[in-house]
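To find a chain, count down the sequence lines: A is the first, B the second, and so on, and within it residues start at 1. Fair warning: this is a prediction, and the values are worked out from it, not measured in the lab.
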Amino acid sequence: MSKAVDPASNKAKTPPTEAKTNSAEDVSKLKADRLKKLAQLKELGINPYPYKFERSHKAAQLHELYKDLEKGSENSDEVVVCGRIMNSRNNWLFTDIHDDSGKIQLFCHKDSLPEDKFNLLKLLDKGDYVGARGTMKRTPAGELSVRIKDIEILSKSLLPLPDSWEGFNDVEARYRHRYVDMITNPEVRETFKKRSLTIRHMRNFLDDNGFFEVETPTLQVEAGGADARPFVTHHNALDIDLYLRIATELHLKRMIIGGMERVYEIGRIFRNEGISTRHNPEFTMLEMYCAYGDYNELMDFTEKMLRYIAEKVLGKAEFEYQGKTISFAKPFRRLRMADGIKEVTGLDVNTLKTIEEARAAAQSLGVPLDKEDSRGHIINAIFEAKVEHTLIEPTFLMDHPVEISPLTKVHRVNQGEVERFELFVYGRELANGYSELSDPQDQRSRLEEQAKKKAAGNEEAMPLDLDFIMAMEYGMPPTMGIGIGIDRLVMLLTDSASIRDVIAFPTMRPVKA
RNA sequence: GCGCCUGUAGCUCAGCCGGUAGAGCACUCGGCUUUUAACCGAUUGGUCGUGCGUUCGAGUCGCACCGGGCGCACCA
């Protein structure tokens, strides 16, 4: 065996200790069985939790290297593998271990194993980590195996894993004990690998396009840049309340003003809103800003980036989501909000000149209104009620009402509109981008309008950030900027129905004792 | 926050009109050994989410509470 797996290294470094049995009554029998084996291992002078192991191959490498090994044949190539025991048959004769590349079968025959190692098998359980050395063999049944000559325990598992056939389906338990979910359901690990790849390739794409990744404050005196209620926390030394950020927008624009022409941040955002299959209180968003571009260029750029990411992560730009085919390969549809409403409802919002007319139109369409307090908010409510869910294929929904977009440049042609788009896929908002407002006087009056609403009790309205306005007064270049919900993108790429399936540890109410 | 559904063994689930808690897998033991959910036999395993109530008797009926899922609302 290699140096790292020399049996000597497996001797207990600390004196064997007896398993604690004083609380045995409240331990399940299954755990008690394992604690007994743990104690026996220690009595044999074996450290059940050794320090290091060096393998020669991962499971997938072996399957690739020996794919031509014929049924029933063996060779003398020696390999060293390690992983978690997930299944065994015939009294450990056939034992599957899993590593992060896949599974490999250990063939544990007494003729190949020293007696002490053969006896060690009896002290193993499903869930234990082991390392093993042996030669390659393919069983008559066709299963590539390692005929092991040596085996050692790398970690003793004390708790039983869920049944391998029925699986682990209890949704609450899967979220609360995600590690068990990941051990038992391999597709969960695949989802989080794809999440990682999504972020990696997003970074690569942006970096290759001359962007700098920057970091802006999570703790803020005023939480601005989006319509959302923030979390409040307290800094003791300063003795002030601070808010967790609800967007990175206002600081990233300050960096544009500071002269960094292309910046982005992939960061955690916190919004004190409801929880649903599409909302988690903390989520991850890309925000990206680029000087000298407008929203038309930004739509082209966004399409290219999403296409690139899908191709890198999935190997293709067209995929199934919840039974629908979604294509990032074809050019995305571009639809003006007014046209979308007209298409679905027949209503021409341009004929709505006042808030009263807008309210009447919404009522006649059966769109319930709550606190919408402007013509633009009502038009947006009509859109959300009637049109949004119809946008399955990727669609840039463009040219929103000015009232709902306080950080966006007014449309260069159409009065009452702004140069903004939201990207909808499967009826859900995935991204939100615009020609960034750069006129400090316009910005001041728009934020003053927001501040008035906030003072009137609208908790989602933006605060008046005077430093942000001052920054803009120094001069901000024409800029395009976008926010993309990473979690929702990963949902699409992994065909996940709930955002909790792409967040490893979603927010849960604690269980009371 | 509202509505519907849901919580029984380590896992997956039965449990009818209220009558002493069940199965499969896993575990343990014995048998048998080249399997593909191995097989055969035996054993073991439960504060039925929590509490209160109705009842001679509650997993089952009622109320409250604690979690969770989905939908709505909020929002991205």
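Look at Arg500(A) and you'll find a side-chain N or O under 4.0 angstrom from OP1 or OP2 of C70(B). Phosphate contact (OP1/OP2 of A76(B), side-chain N/O of Arg268(A), threshold under 4.0 Å): absent.
With sequence neighbours excluded, the residues forming a ring-ring contact (aromatic ring centres under 6.0 Å, His included) with Tyr426(A) are Tyr321(A), listed by chain and number. A search for ring-ring contact (aromatic ring centres under 6.0 Å, His included) contacts involving Tyr308(A) returns Phe205(A), not counting sequence neighbours. By the salt bridge (charged side-chain N to carboxylate O under 4.0 Å, His left out) test, Asp495(A) is found to be paired with no residue, residues two or more places apart in sequence or in another chain being considered. Every side-chain contact (heavy atoms from CB on, under 4.5 Å) that Asn185(A) has, sequence neighbours left out, goes to Phe168(A), Arg174(A), Asp181(A), Glu187(A), Val188(A). His109(A) pairs by the ring-ring contact (aromatic ring centres under 6.0 Å, His included) definition with Phe107(A), not counting sequence neighbours. For Phe424(A), the ring-ring contact (aromatic ring centres under 6.0 Å, His included) test picks out Phe383(A), with sequence neighbours left out. Partners of Pro401(A) according to the side-chain contact (heavy atoms from CB on, under 4.5 Å) rule, which considers only residues two or more places apart in sequence or in another chain, are Met337(A), Ile379(A), Glu403(A), Ile404(A).
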TODO: Using a 3.5 Å limit on both pairing distances, list the dot-bracket string of RNA chain B from the 5' end; Watson-Crick and G-U wobble pairs count, crossing pairs take [ ], interstrand pairs take |.
DONE: (((((((..((((.....[..))))..((((.......))))......(((((..]....))))))))))))....
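Of the candidate nucleotides A76(B), G68(B), A26(B), A76(B) has the atom nearest to the side chain of Asp227(A). The side chain of Glu460(A) lies closest to C74(B), out of A76(B), C74(B), A26(B).
The separation of U8(B) from G67(B), taken at their C1' atoms, amounts to 16 Å, rounded to a whole angstrom. When the P atom is compared between C11(B) and G7(B), the two are found 15 Å apart, to the nearest whole Å. Atom P of G10(B) sits at a distance of 30 Å from the matching atom of G57(B), rounded to the whole Å. Using P as the reference atom, G18(B) and C63(B) are 16 Å apart when rounded to the nearest Å. Comparing the C1' positions of C25(B) and G69(B) gives an interatomic distance of 25 Å, to the nearest angstrom.
For the salt bridge (Lys or Arg N to Asp or Glu O under 4.0 Å) condition, the pairs that include at least one residue of residues 384-401 of chain A, sequence neighbours left out, are Arg336(A)-Asp399(A).
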What's touching nucleotides 21-25 of chain B from the protein side, N or O pairs under 3.5 Å?
| unit_1 | atom_1 | unit_2 | atom_2 | d |
| --- | --- | --- | --- | --- |
| C25(B) | O2' | Asp163(A) | OD2 | 2.2 |
| C25(B) | O2 | Asp163(A) | OD2 | 3.1 |

Could you run down the sub-3.5 Å N/O contacts of the protein with nucleotides 1-9 of chain B?
none

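Judged by atom type and distance alone, Glu143(A) does not reach the base of U35(B) through any side-chain donor-acceptor pair under 3.5 Å.
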Open item on the list: At under 4.0 Å between heavy atoms, how does the protein contact nucleotides 38-47 of chain B? Give one character per nucleotide, 5' to 3', with B, S or -.
Closed with: B-----S---
